[in-house]
Protein chains: 2
Amino acid sequence: MGNSRNIPDIVVGRLPVYLRALSLMLAEQCEYTSSHELGERLGISSAQIRKDLSHFGEFGKQGTGYNVAFLHEQIRQILHVDREWPMAVVGAGDLGRAIVHYRGFVPRGFRVVCVFDNKPERVGEEIAGIVVQPMEKLAEELSAKNVQVAMIAVPLEAAQDVADQLVQAGVRAILNYAPINISVPPDVQVQYIDPVVHLQHMTFYLK
Amino acid sequence: MGNSRNIPDIVVGRLPVYLRALSLMLAEQCEYTSSHELGERLGISSAQIRKDLSHFGEFGKQGTGYNVAFLHEQIRQILHVDREWPMAVVGAGDLGRAIVHYRGFVPRGFRVVCVFDNKPERVGEEIAGIVVQPMEKLAEELSAKNVQVAMIAVPLEAAQDVADQLVQAGVRAILNYAPINISVPPDVQVQYIDPVVHLQHMTFYLK
DNA sequence: TAGATTGTTAATCGATTAACAATC
DNA sequence: TAGATTGTTAATCGATTAACAATC
């Protein structure tokens with residue numbers, strides 16, 4: 001089949017995990033892999049991997065499996081990370097700083113290009129070569145740098161307001177590190193990272 | 001019904017999100033809430049919330065809904081965060097440092113009590129009052145401090161080895177920030193945080 | 001060829017939703 | 001009481017898995 005819209009979101013969510021495993025295999029010089037090998041590495045069934053990929057096209061060969069480099073490239077294109085997305089970070093505290101310093105974005109399709117904070121003492125500070133801007137500059141900077149993707153790393157009290165400003169400035173995908181559900185228009189993507197949610201999920205099973 | 005084992009993992013995974021919303025409502029002085037209000041805040045159906053909670057007991061009253069403080073306390077107990085879990089952090093780079101500085105753990109049931117790194121120049125350094133220990137001290141420290149929960153904040157090349165050492169030292173829940181799937185025995189919980197996975201999930205829907 | 005593995009179909013399994021009696 | 005909302009059942013919907021013909 002392939003390529004139509006109507007792909008289940010849960011399938012889309014697994015593609016980045018497949019891509020990550022394929023990158024690793026590339027680094028390990030594997031030329032070919034199979035749905036079985038991939039499934040074993042990721043702890044999911046080979047049938048699920050074949051089914052997931054079948055939504056987007058036919059990428060393998062009977063008998064030999066998948067060419068790692070080829071499948072990697074195909075998934076990069078499907079996820080639109082065959083390019084570099086400029087990103088904004090809002091919040092220059094400890095977390096914002098760590099995000100800006102992280103070297104794992106660029107090899108996977110993203111680059112932090114601007115950082116904002118509303119505390120006067122943080123404005124002007126330089127983080128990994130990027131000068132922290134005041135919130136007043138948000139719209140102007142984002143439009144100048146064509147930023148559609150942003151990360152929120154501010155205290156929870158400020159998160160909704162920041163989200164509103166980002167949407168206003170044209171951002172269409174937000175990764176929110178503040179521990180709060182934010183509301184955005186239906187055409188804006190939101191994802192959440194809250195370590196405590198994961199920790200509490202695990203402690204359910206402990207003792 | 002309530003309280004048996006056989007709760008779907010997907011249901012367990014939503015409880016921390018419910019708990020987070022209830023904390024916020026507590027802070028907002030809401031005394032009562034309903035499955036409708038909660039669902040609206042979280043963007044899920046009221047039926048799902050009632051169904052999820054029904055796995056654990058009966059917490060509401062017809063006509064009036066749920067007492068926020070009571071439901072909050074019940075979910076805290078279900079998730080075993082009606083106590084404080086001591087945690088270890090492995091990796092004292094930018095990310096590890098940000099994790100140790102994060103003040104959001106303690107109010108939600110967790111406290112970082114030790115930090116490890118294998119780089120000699122980082123050992124001995126103090127982060128938020130905690131002295132960085134060498135990896136050789138891992139087993140000894142974890143057992144002395146009764147640590148069952150750990151976070152991995154090391155480069156991906158080191159993550160599997162660190163995970164092995166943590167398991168060896170008695171850790172039963174691991175939150176892995178390294179962008180790699182790690183293997184652990186079946187009785188050890190693992191959760192992953194990889195911001196790029198979330199970003200790539202969103203860029204699928206962009207442009 | 002013989003062995004392996006794909007892509008796909010149909011069956012199974014599980015999760016979500018709608019509806020409503022019970023009752024505060 | 002009248003209105004609201006629960007907990008639960010049954011129906012619906014969707015996701016996963018098993019199986020296999022096709023074929024490299």
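Throughout, protein chains are lettered first and strands after them, A, B, ... in sequence-line order, and every chain is numbered starting at 1. Side chains are part of it too, since the values below use all heavy atoms of this structure and drop only hydrogens, waters and symmetry mates.
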*Asks:* Could you let me know what D:dG7 is paired to, Watson-Crick or G-U wobble, both distances under 3.5 Å, or none if it's on its own?
*Replies:* C:dC20
*Asks:* In whole Å, I'd like the distance from the CG atom of A:L53 to the P atom of C:dT5.
*Replies:* 16 Å
*Asks:* Where the side chain of B:I10 is defined as all heavy atoms beyond and including C-beta, which of D:dT6, D:dA15, C:dA15 is the nearest nucleotide?
*Replies:* C:dA15
*Asks:* Applying side chain to side chain contact (heavy atoms under 4.5 Å, CB included) to B:L199 and A:W85, what does each step give before you reach the verdict?
*Replies:* CA-CA 10 Å; B:L199 292 168; A:W85 293 87; over 6 Å; no
*Asks:* If you pin A:S46 and B:P8 to their nearest nucleotides in DNA chain C, which one's is more 5'?
*Replies:* A:S46
*Asks:* Closest approach to the side chain of B:R50, judged atom by atom: which nucleotide of D:dC20, D:dG7, C:dT16 is it?
*Replies:* D:dG7
*Asks:* Give a yes/no on whether any side-chain N or O of B:Y66 is located under 4.0 angstrom from OP1 or OP2 of D:dG7.
*Replies:* yes
*Asks:* Does a nitrogen or oxygen in the side chain of B:R14 sit under 4.0 Å from OP1 or OP2 of C:dA15?
*Replies:* no
*Asks:* I need the CD1-C1' distance between B:I49 and C:dA15, as an integer number of Å.
*Replies:* 15 Å
*Asks:* Just the rounded figure in Å: distance from C1' of D:dA19 to NE2 of A:H36.
*Replies:* 12 Å
*Asks:* Separation of A:Q74 atom CD from C:dT6 atom P, in whole Å?
*Replies:* 16 Å
*Asks:* Please state how far atom CG in B:L71 lies from atom C1' in D:dT6, giving the value in whole angstrom units.
*Replies:* 13 Å
*Asks:* Report the nucleotide, chosen from C:dT8, D:dG7, D:dT8, that has the shortest atom-to-atom distance to any side-chain atom of A:K51.
*Replies:* C:dT8
*Asks:* Is it true that a side-chain atom of A:S34 and a backbone atom of A:E37 form a donor plus acceptor pair closer than 3.5 Å?
*Replies:* yes
*Asks:* Using OP1 and OP2 only, check whether a side-chain N or O of A:T64 sits under 4.0 Å from D:dC24.
*Replies:* no
*Asks:* Under a 3.5 Å distance rule, please check whether A:D117 uses its side chain to pair with a backbone N or O of A:A92 as donor and acceptor.
*Replies:* yes
*Asks:* Taking the minimum atom-to-atom distance to the side chain of B:Q62, which one of C:dA18, D:dG7, D:dT6 wins?
*Replies:* D:dT6
*Asks:* Starting at atom CD of B:E58, determine the distance to atom C1' of D:dT5, rounded to an integer number of angstrom.
*Replies:* 13 Å
*Asks:* Would you mind classifying the nucleic acid contact of A:S35 as base, sugar-phosphate or nothing, using non-hydrogen atoms under 4.0 angstrom?
*Replies:* sugar-phosphate
*Asks:* Students often mix this up, so state it plainly: with edges at 30° and 60°, are the rings of A:F204 and B:H80 parallel, tilted or perpendicular?
*Replies:* parallel
*Asks:* Just how far, in rounded Å, is C1' of D:dG14 from CG of A:N6?
*Replies:* 13 Å
*Asks:* Using whole Å, what does the distance between atom P of nucleotide D:dT6 and atom CG of B:N67 come to?
*Replies:* 13 Å
*Asks:* Should we say atom CZ of B:R83 is surrounded by more than 12 heavy atoms from elsewhere, each under 6.0 Å from it?
*Replies:* yes
*Asks:* Between B:S45 and C:dT17, does any side-chain N or O lie under 4.0 Å from OP1 or OP2?
*Replies:* yes
